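See structure below.
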Amino acid sequence: DNNQPASNVDVLIIGAGPAGIMAAAWMARMGLKTRIIDKRNTKVFCGQADGLNARSLEMLDSLGFGDRAWKEANHMIEICLWNPDENGIIRRSDRVPDTPVGLSRLQQSTLHQGRIERFFLDNIKKYSNDTIKVERGVLPESLEIDQGKVEDQNAYPVTVKLRFLTEEEAAPKQLGGSKVSDGLFRSNLFQEADEDALIKQTYDRAGAGETVHAKYVIGCDGARSWTRTTLGFELEGEATDMIWGVMDIIPFTDFREYTNPELKGWKTDMRLCQADIRCRCAIHSATHGSLMIIPRENNIVRLYIQLVEVKPDASGRADRSKITPELIFNAAKKIIDPYKIDYEVCDWWTAYQIGQRVGTNFDAHQRVFLAGDAVHTHSPKAGQGMNISMQDCYNLGWKLGLVCRGIAQPSILKTYQSERRRVARDLIEFDNRFARLFSGRPAKDIMDAEGVSMDEFKEAFVQGNMFACGLSVDYGPSNLVLKPGDAGEHGDGSDVVPPAVSMSEADFDRKQALAAGIPVGMRFNSFQVLNQSDARPWQFQKRLPADGRFRVVLFAGDVHHAQQKARVEAFCAKLNAPSSFLHRTVGGDGRDGLHSVVEILTIHSAKRWDTELLRDFPEVLHPFRKATGWSYDKVYVDDVSYHEGFGEAYKNYGVNKERGCVVIVRPDQYVAWVGDLEDFDKVQAYFEGCLMLKDYANEVESSVAAIVPGT
Ligand code: FAD
């Protein structure tokens, strides 16, 4: 319809679930003209995902609202494993920490998806000055990519036609027939979602519409992604015959490890009683299937319940009319027997069939991207859905922002698929193993080959936890991560631009040993350091906020040692030379002067009292500007604090206290490179390989002007 109104945007986001709003949060930060649409008329109010793993909490913190989630969430500290004893009666066999100890300052927590979405929406409003709002009741009708324009950075090659739905069309319908809200309408037990019917309807109607021309589109429209289907991409993988129910209830239960003289071998000391309903529990019953307990905020508990009696029919789908809250809860009662469980309040329930699938493609021409459930589906028990979906867009958002603003080279967008498709495949592998072990009947004894060994389950569970907390992600080599190896081999995108510096495994290992606790490709861990100027303790990760800037972290070592001081000065002289990348970045907002695109942070290891910011550190590490004065927030020290102990950052990062090292950190807190203070040329090559830099020869004058204090 040529009469439809038309508009241009930098980024159009389709779908406002966890993936979409994470993308919108980055766009708000990066100042891009962005629209985000969702066909639903409301956000999620109950049910669905509720687990925030350690990495997601770190991400929310970097966006500025981790504290809100941390404060409201239920912290899951301990996991109890329950298995049948020799009499077939379930007993607590093990306790393990939920988040592996020492990995992160934040631990796995649970909070309702609707609250998390609320925090995001507030944050997006603040950073976009209320210009980015979720537009609800809007459905995309067609998407076209003009391939002749995809190489032109100023063009708007993607055209999407939108249609505005009526109130009634945009309201999700409850299909379960019960009074309690259920998630069945979105469950994969249903072949045809109500949205499919909607799309058909809207084609027949002549409702109001609009044409949007976008530089980039991100399809975050969930497991049945319209964007994915429209691009002609598929999810590869299979459904299993394992069917599970989910209920959010406030339970009344005597579930605990307790005295029962009639049960042989049970503990008789009442003081050992423990209300395990407030711990995360994995329960394997002898014959009735498995149950996962997830304690949540406000005394709510989520139960994931295996429905051994419900089987898919010939079409591979379960008979949905059989699935009711009563059926699900009866299954739970059998699994938890001999304990009793009941409830008055049920907040939400649903059921799903386990299936593990990964998208064949995560982008088209690096102009349309797919993220979240649109490119990976799996069972929700390990709490990965929301986390990995948000993490996809945490990876994509800054790249898109930097390219769109002309700060970074468009080729960095290729790393989205190479980095995230690998994570998705790892996720599917993990979920496959975990779901199989969790849904399998426990082995009766060593001879029982069909049963699942509980030792194997525990091992997989503990190992899986490392993955599940989101901290095992290790990105492969590309122009964003300087490590050896074939970029294609490590990821999925064989056309990813290789690292700007090629190096042997041995050379890499030697450099990595300079900071054994800061592995290249993984996220920068956090330890406490003190601000050199005012002695305030900081978790160092707090100094790596999500503002789209790369960071060079100079571990300056013992700056009072003459030889080391000379090394620091030599590094800084190169950093501050007019030919340095630091003076040649483009497109930054200028808010932090010289550090607007790449910020330089320093951590030294001399005594704080013996050290002076202005005397002992070259100015490039804490630049002066007339408008803002000296930068007091860029130089830190690894020293004892007055009130919060000693972070021992050098020791924990594995950095030598005399000699230090240099680390490049990406805007998403992933480590891009580790090297010596003499390796400035590598730092330079890294930024030449991924940023747009002013041509030095033609720009000498303006570059020199930029380093004079006060400009
Ligand atoms: P979604 O959250 O699915 O968001 C997609 C959004 O896109 C929706 O708002 C939808 O309305 C919109 N949309 C879809 N199609 C269109 C279109 N054509 N046009 C415009 N908008 C569109 N995860 C866990 O970790 N733990 C759990 O216990 C858990 N339980 C779940 C239970 C159910 C019933 C479901 C459906 C999911 C559950 N998940 C769980 C998974 C978790 O909710 C998802 O993994 C997560 O929400 C994925 O985020 P997303 O943004 O990719 O997709």
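In each ligand, atom 1 is the first atom listed, and ligand 1 is the first ligand listed. Model, not experiment: these values are computed from the prediction. Residue numbers run from 1 in the order of the sequence given.
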Numbered atoms and elements of ligand 1 in range of [X], under 4.0 angstrom, heavy atoms:
{"X": "Gln384", "answer": "25 (O)"}
{"X": "Ser389", "answer": "48 (C), 49 (O), 52 (O)"}
{"X": "Met386", "answer": "25 (O), 45 (O)"}

Counting only heavy atoms not in Glu309, do more than 12 fall under 6.0 Å of its CD?
-> no
Decide whether an N or O pair under 3.5 Å exists between [X] and ligand 1.
{"X": "Asp38", "result": "yes"}
{"X": "Trp348", "result": "no"}
{"X": "Asp373", "result": "yes"}

Would you kindly specify which portion of [X] sits under 4.0 Å from ligand 1, judged on non-hydrogen atoms: side chain, backbone, both or neither?
{"X": "Gln113", "answer": "side chain"}
{"X": "Tyr352", "answer": "neither"}
{"X": "Thr227", "answer": "neither"}

Under 3.5 Å side-chain donor-acceptor pair for Asn395 and Lys399 | yes
Taking atom types as modelled and ignoring hydrogens, do the side chains of Tyr475 and Thr415 form a donor-acceptor contact shorter than 3.5 angstrom?
-> no
Under 30°, 30 to 60°, or over 60°: which ring-plane class applies to [X] and [Y], parallel, tilted or perpendicular?
{"X": "Trp244", "Y": "Phe438", "answer": "parallel"}
{"X": "Tyr216", "Y": "Phe369", "answer": "tilted"}
{"X": "Tyr304", "Y": "Tyr352", "answer": "perpendicular"}

For [X] and ligand 1, answer yes if some heavy atom of the residue is under 4.0 Å from a ligand atom, otherwise no.
{"X": "Ile21", "result": "no"}
{"X": "Met390", "result": "no"}
{"X": "Cys220", "result": "yes"}

Salt-bridge contact [X]-[Y] (side-chain N to carboxylate O under 4.0 Å):
{"X": "Glu141", "Y": "Lys161", "result": "no"}
{"X": "Glu236", "Y": "Arg357", "result": "no"}
{"X": "Asp10", "Y": "Lys33", "result": "no"}

Determine, considering heavy atoms only, which of [options] sits nearest to [atom].
{"atom": "atom 7 (O) of ligand 1", "options": "Pro140, Gly17, Gly15", "result": "Gly15"}
{"atom": "atom 47 (O) of ligand 1", "options": "Ala23, Ala19, Cys393, Pro18", "result": "Pro18"}
{"atom": "atom 27 (C) of ligand 1", "options": "Trp349, Trp244, Tyr304, Trp226", "result": "Tyr304"}

